Amino acid sequence: MTPAIDLLKQHRAAHRVHAYEHDPKAASYGLEAAEKLALQPEQVFKTLLAASERNELVVAIVPVAGSLDLKALAQAAGVKKCEMADPLQAQRATGYLLGGISPLGQKKRLRTFIDSTAQQVETVFVSAGRRGLEVELTATVLAELTNATFAAIGKS
C-alpha cells in the first residue's frame, strides 16, 4: 500500500483503487491513466507542485486534459507569483516520485488547491502514490482530506 491509500483507510473515506500497467515510455502519466482506465480526461486529475516567491510550496490539482494556470494559482494562494517547483524539491516534500505524486498522504502538509471543475464530476481520479495506481473518490472527500480550497486554477 501507499501513504495515500493508508490515509483513506484510516479516515474510512469512500474510495476505489484502480491499477493499470504503467508504460515507462508514456508521454503523460495522467493521460495514460485516463486511456488505460477508459476514463474521460476531465475526470482524471494530476497533482502538481508550485513554489511562490516566498519559497512556499503549494499543491495544485488540475485535470490532465489541461494545464495549470500559475497566475490563477498565485491569486488563489494570495501570493504575487508562482512557478513550477523543482522536481527534486517536490519529491522530497511529498515523499512520492514524479508521475506518482498523490495529493493524499504527503510527508509535509502543504496548502492545496483543487481546480473547481472537480466539483462538476461525480468522482475524480488522482494518483494513489505510485505510477499505475489511481484512486477514485469524490472531490468533496479529496478536499476534506487535503484541507484544499476549490479555485479556477486550470486552463484547457
Side-chain angles (χ1 to χ4, degrees), residues 1-37 39 41-52 54-70 73-74 76-77 79 82-115 117-118 121 123-151 153-154:
M1 288 296 116
T2 66
I5 296 170
D6 292 342
L7 178 75
L8 289 161
K9 288 181 175 179
Q10 176 187 341
H11 286 272
R12 293 186 173 89
H15 70 283
R16 288 181 52 206
V17 177
H18 301 268
Y20 61 92
E21 193 65 38
H22 166 62
D23 178 0
K25 296 179 195 135
S28 164
Y29 299 116
L31 290 174
E32 177 194 26
E35 182 183 315
K36 296 234 174 138
L37 296 173
L39 300 168
E42 299 77 28
Q43 202 177 1
V44 182
F45 285 69
K46 55 190 169 188
T47 305
L48 303 171
L49 270 77
S52 75
R54 296 184 225 146
N55 265 349
E56 174 197 11
L57 288 179
V58 293
V59 177
I61 305 167
V62 296
V64 300
S67 59
L68 173 61
D69 182 337
L70 288 166
L73 177 63
V79 297
C82 280
E83 59 186 37
M84 294 306 296
D86 172 70
L88 288 176
Q89 190 181 21
Q91 290 182 154
R92 274 195 302 274
T94 63
Y96 294 115
L97 293 176
L98 289 184
I101 293 180
S102 177
L104 301 159
Q106 296 182 352
K107 276 177 31 182
K108 289 185 182 174
R109 192 81 152 173
L110 303 171
R111 287 200 298 151
T112 301
F113 300 87
I114 304 171
D115 186 61
T117 60
V121 291
T123 58
V124 295
F125 290 74
V126 295
S127 175
R130 198 169 63 225
R131 296 170 187 160
L133 202 60
E134 294 282 309
V135 65
E136 175 185 8
L137 68 170
T138 66
T140 304
V141 168
L142 178 60
E144 287 170 3
L145 293 177
T146 58
N147 284 333
T149 302
F150 289 101
I153 59 168

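If you're wondering where the values come from, they're calculated on a predicted model, not measured in any experiment. The figures here come from the full heavy-atom set of this structure, side chains too, leaving out hydrogens, waters and symmetry mates.
Of all heavy-atom pairs spanning Leu142 and Thr146, the tightest one is O-OG1, 2.7 Å. When every heavy atom of Ser127 is checked against every heavy atom of Ser102, the shortest pair comes out as O-OG, 2.7 Å. Between Pro41 and Val64 the shortest heavy-atom distance is O-CG2, 3.6 Å. Residue Ile114 comes nearest to Ala139 through the heavy atom pair CD1-O, 4.4 Å, listed as atom of the first residue, atom of the second, then distance. Listed here is the closest heavy atom pair of Phe150 and Asp115: CD2-O, 4.1 Å. The two residues Pro63 and Thr117 make their nearest non-hydrogen contact at CG-OG1, 3.5 Å.
Taking CE from Met1 and CG from Leu8, the interatomic distance works out to 11.0 Å, rounded to the nearest 0.5 Å. Expressed to the nearest 0.5 Å, how far NZ of Lys9 lies from CG of Leu7 amounts to 12.0 Å. Atom CG in Leu48 sits 14.0 Å away from atom CZ in Phe113 (nearest 0.5 Å). In this structure, CZ in Phe45 is found 9.0 Å from CD1 in Ile61, a value given to the nearest 0.5 Å. Taken from CZ in Phe125 to CG in Leu39, the straight-line distance is 4.5 Å, to the nearest 0.5 Å. Interatomic distance, Leu110 CG to Asn147 CG, rounded to the nearest 0.5 Å: 11.5 Å.
Under the side-chain hydrogen bond (donor to acceptor under 3.5 Å, both in side chains) criterion, Thr123 pairs with Gln43, Glu136, sequence neighbours left out. Remark: Arg130 pairs with Thr2, Leu133 by the side-chain contact (heavy atoms from CB on, under 4.5 Å) rule, at least two apart or across chains. Judged as a ring-ring contact (aromatic ring centres under 6.0 Å, His included), and not counting sequence neighbours, His11 has no contacts. Legend: residues meeting side-chain contact (heavy atoms from CB on, under 4.5 Å) with Arg54, ordered by chain and number and at least two apart, are Ser52, Val79.
The shortest distance between side-chain heavy atoms of Asp69 and Ile153 does not fall below 4.5 Å. Contact annotation: the side chain of Thr149 never approaches that of Arg111 to less than 4.5 Å [non-hydrogen atoms, C-beta and beyond]. Looking only at side-chain heavy atoms (C-beta outward), Lys108 and Leu57 stay at 4.5 Å or farther from each other. Side chains of Glu134 and Tyr20 form a contact here, defined as non-hydrogen atoms less than 4.5 Å apart.
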Please set out all donor-acceptor pairs under 3.5 angstrom arising from side-chain atoms of residues 25-34, sequence neighbours excluded.
{"unit_1": "Ser28", "atom_1": "OG", "unit_2": "Leu31", "atom_2": "N", "d": "3.2"}
{"unit_1": "Glu32", "atom_1": "OE1", "unit_2": "His22", "atom_2": "ND1", "d": "2.8"}
{"unit_1": "Glu32", "atom_1": "OE2", "unit_2": "Asp23", "atom_2": "N", "d": "2.6"}
{"unit_1": "Glu32", "atom_1": "OE2", "unit_2": "Lys36", "atom_2": "NZ", "d": "3.4"}

Validation: residues 82-99 side-chain donor-acceptor distances under 3.5 Å, sequence neighbours left out:
{"unit_1": "Asp86", "atom_1": "OD2", "unit_2": "Leu88", "atom_2": "N", "d": "3.2"}
{"unit_1": "Asp86", "atom_1": "OD2", "unit_2": "Gln89", "atom_2": "N", "d": "3.1"}
{"unit_1": "Gln91", "atom_1": "OE1", "unit_2": "Leu98", "atom_2": "N", "d": "2.9"}
{"unit_1": "Thr94", "atom_1": "OG1", "unit_2": "Ala90", "atom_2": "O", "d": "2.8"}
{"unit_1": "Thr94", "atom_1": "OG1", "unit_2": "Tyr96", "atom_2": "N", "d": "3.2"}
{"unit_1": "Tyr96", "atom_1": "OH", "unit_2": "Ala4", "atom_2": "N", "d": "3.0"}
{"unit_1": "Tyr96", "atom_1": "OH", "unit_2": "Leu104", "atom_2": "O", "d": "2.7"}
{"unit_1": "Tyr96", "atom_1": "OH", "unit_2": "Gly105", "atom_2": "O", "d": "3.4"}

